[in-house]
Amino acid sequence: MPDDLSRNQNAHSAKTRTAGLGEQVPETMQAWVLGDPGELTLRDKPVPTPGRAEVLVRVDAVAICATDLEILQYGTPAMIEGGKPFNKNFTPGHEYMGTVAALGPGVDQFAVGDRVTVEVHAGCGQCKRCRMGMYTSCHNYGQNYGDHDKGHRANGFTTDGGFAQYVVNNVNTMIPVPDAMSDEEATLVVTAGTSMYGMTELGGLVAGESVVVIGPGPIGLLAVAVAKSLGASPVILIGTRDSRNEIGRKLGADYIINPKNEDAVARVKELTGKGADYVVDCAGNETTVNQSVHMTNRGGRICLAAFPKSAVNFDLGALAVNNIYLYGIRGEGRSATHRAMAFMAERRFDAGLVHSHTFPMDELPTALKYAAERIDDALKVVVSMHKTTSGGDK
Ligand SMILES: [Zn+2]
Ligand SMILES: [Zn+2]
């Protein structure tokens, strides 16, 4: 079938579907498309059509994640048509929020006009891990192209994402946004959900346990906030950038350690007695992994919440002899994102503190540059569809 014809059909069905729903959805939209590594261009694409258990979301804001920067340069962990996502008409972006624009067949959980934010993964629902609720570890990741469709979706990774005006989402990935919450703050729910997943599903944190977070990036800072809200005590943040450490203090860190000024392991032992019950390493380099092992108390746990690019040499013997549990993290599974939103909606902490800049949609390349080079202390950079003027202000 010629490309033009299939596009027209797609657009026509979109129009028919939304008739009577009170929202006029256009036939085409603007979307950023990944070409060669690092090359994004703004193009027209057909507005996608939601299928069963799916909803069409009009994107209002999308945050930039370190993983987006990785995908743009290296391709992975995105996977399109069984391989790297370059020159496949792929639109990245996974930390977005917006407004429900149209409903697929059978959807009654949401209504047109609802404000929603999203988590990334919709698992296949049929593999061993999905059946356990571990849909971010779905065995059919990326197995959805052409006639080979196992039902898995990870928007911005294996299917089109939020650097566009419209995206189709599975209802399981959608979370209602309270009226009082800003678009920018609502985009942070994936980040907070990842921290929640690390604290509760992986580490099984209970109130009164001591927590150390290493690395005050967005996930680390919100891990501090989530740990504090869950009743961890004390909550200790380790970071080398004082400006970020200060945000961690506002988010609930009881103690801040700057390893440039003091021995982090010795200080944690001093503060906790025999070492921390749970250490969340959001840096993942040789220094921090070894610090994690040596500052965890016997029988304690470590969550590795960073993805080291190469092998890391660490004191495995100390881990073994001290009965320390080590957890890898993959995404924000088991509806942790929904529970993170509960904390954010209750204002247990101000997730907005990690948001530093907002740019209009057509300035996405500038926004990416700010995030990649940490220009002007950029922390979490957001692109807003409703912002028209430049400046990158908050
Ligand atoms: Zn992300
Ligand atoms: Zn699965």
Could you check Thr117 against Met181 for side chain to side chain contact (heavy atoms under 4.5 Å, CB included), going step by step and ending with a plain yes or no? CA-CA 11 Å; Thr117 186; Met181 187 177 287; over 6 Å; no
Would you say that more than 12 heavy atoms from the other residues, nucleotides or ligands in this model lie under 6.0 Å from the [atom1] of [X], or not?
X: Tyr74; atom1: OH; value: no
X: Tyr327; atom1: OH; value: yes
X: Lys250; atom1: NZ; value: no

Are any non-hydrogen side-chain atoms of [X] and [Y] less than 4.5 angstrom apart?
X: Pro360; Y: His386; answer: no
X: Leu237; Y: Arg249; answer: no
X: Arg58; Y: Met385; answer: no
X: Val33; Y: Arg43; answer: yes
X: Lys128; Y: His139; answer: yes
X: Tyr197; Y: Glu119; answer: no
X: Met361; Y: Val62; answer: no
X: His94; Y: Asp68; answer: yes

Under the 3.5 angstrom rule, does the side chain of [X] hit a backbone N or O of [Y] as a donor-acceptor pair?
X: Arg115; Y: Pro178; answer: yes
X: Lys84; Y: Gly75; answer: no
X: Asn290; Y: Asp315; answer: yes
X: Thr337; Y: Val189; answer: no
X: Asn155; Y: Gly162; answer: no
X: Glu209; Y: Val206; answer: yes
X: Asp277; Y: Gly300; answer: no
X: Asn322; Y: Arg298; answer: no
X: Arg301; Y: Gly203; answer: yes

Side chains of [X] and [Y]: is there a donor and an acceptor less than 3.5 Å apart?
X: Arg339; Y: Thr200; result: yes
X: His355; Y: Glu185; result: no
X: Asn172; Y: Tyr135; result: no

In Å, rounded to the nearest 0.5 Å, how long is the span from [atom1] of [X] to [atom2] of [Y]?
X: Glu262; Y: Ile238; atom1: CD; atom2: CD1; value: 9.0 Å
X: Lys150; Y: Asn144; atom1: NZ; atom2: CG; value: 11.5 Å
X: His121; Y: Cys130; atom1: NE2; atom2: SG; value: 10.5 Å
X: Leu40; Y: Thr91; atom1: CG; atom2: OG1; value: 9.0 Å
X: Leu72; Y: Phe86; atom1: CG; atom2: CZ; value: 8.0 Å
X: Ile257; Y: Met295; atom1: CD1; atom2: CE; value: 6.5 Å

Check the pair Ile64 / Leu364 against side chain to side chain contact (heavy atoms under 4.5 Å, CB included), numbers first and verdict last. CA-CA 9 Å; Ile64 292 167; Leu364 177 64; 4.1 Å; yes
Search all heavy atoms of [X] against all heavy atoms of [Y] and return the closest pair with its distance.
X: Gly83; Y: Lys88; value: C-NZ, 3.7 Å
X: Ser292; Y: Asp281; value: OG-CB, 3.6 Å
X: Leu103; Y: Pro50; value: C-CG, 4.1 Å
X: Val224; Y: Gly252; value: CG1-C, 3.9 Å
X: Ser384; Y: Thr358; value: CB-CG2, 3.7 Å
X: Asn297; Y: Gly275; value: ND2-O, 3.2 Å

Is the Phe349 ring parallel, tilted or perpendicular to the Phe343 ring (thresholds 30°, 60°)?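 Taking Phe343 first and then Phe349, their aromatic rings stand perpendicular (interplane angle over 60°).
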Could you check whether the rings of His357 and Phe359 sit parallel, tilted or perpendicular, using 30° and 60° as the cut-offs?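 Rings of His357 and Phe359: parallel, as their planes differ by under 30°.
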Shared ILVMFWY cluster between [X] and [Y], side chains joined below 4.5 angstrom?
X: Val268; Y: Tyr255; value: yes
X: Val167; Y: Val120; value: yes
X: Leu326; Y: Val293; value: yes
X: Met97; Y: Val116; value: no
X: Phe307; Y: Leu221; value: yes

Who passes side chain to side chain contact (heavy atoms under 4.5 Å, CB included) against Ala223, sequence neighbours left out?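 Once residues adjacent in sequence are excluded, the partners of Ala223 under the side chain to side chain contact (heavy atoms under 4.5 Å, CB included) criterion are Ser195, Met199, Val213.
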Verdict with reasoning, Tyr145 to Gln143, per side chain to side chain contact (heavy atoms under 4.5 Å, CB included): CA-CA 6 Å; Tyr145 46 91; Gln143 300 301 305; 4.0 Å; yes
Clusters formed by hydrophobic residues whose side-chain heavy atoms approach within less than 4.5 Å: which one holds Met134, and what are its other members?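 Hydrophobic cluster check, Met134: joined to Met132.
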Between Arg334 and Glu201, does at least one N-O distance fall below 4.0 Å, as a salt bridge requires?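 So Arg334 does not pair with Glu201 through a salt bridge.
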Could Asp160 and Lys45 be called an ion pair, given the rule that one side-chain N must be under 4.0 Å from one carboxylate O?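 Salt bridge present between Asp160 and Lys45.
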Do Met174 and Gln109 pass the side chain to side chain contact (heavy atoms under 4.5 Å, CB included) test, and can you show the C-alpha distance, the side-chain angles, and the key distance before you say yes or no? CA-CA 10 Å; Met174 297 167 51; Gln109 301 94 323; over 6 Å; no
Just grab all the side chain to side chain donor-acceptor pair (under 3.5 Å) pairs involving residues 232-245, residues at least two apart or on different chains.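 Qualifying pairs: Asp242-Asn258.
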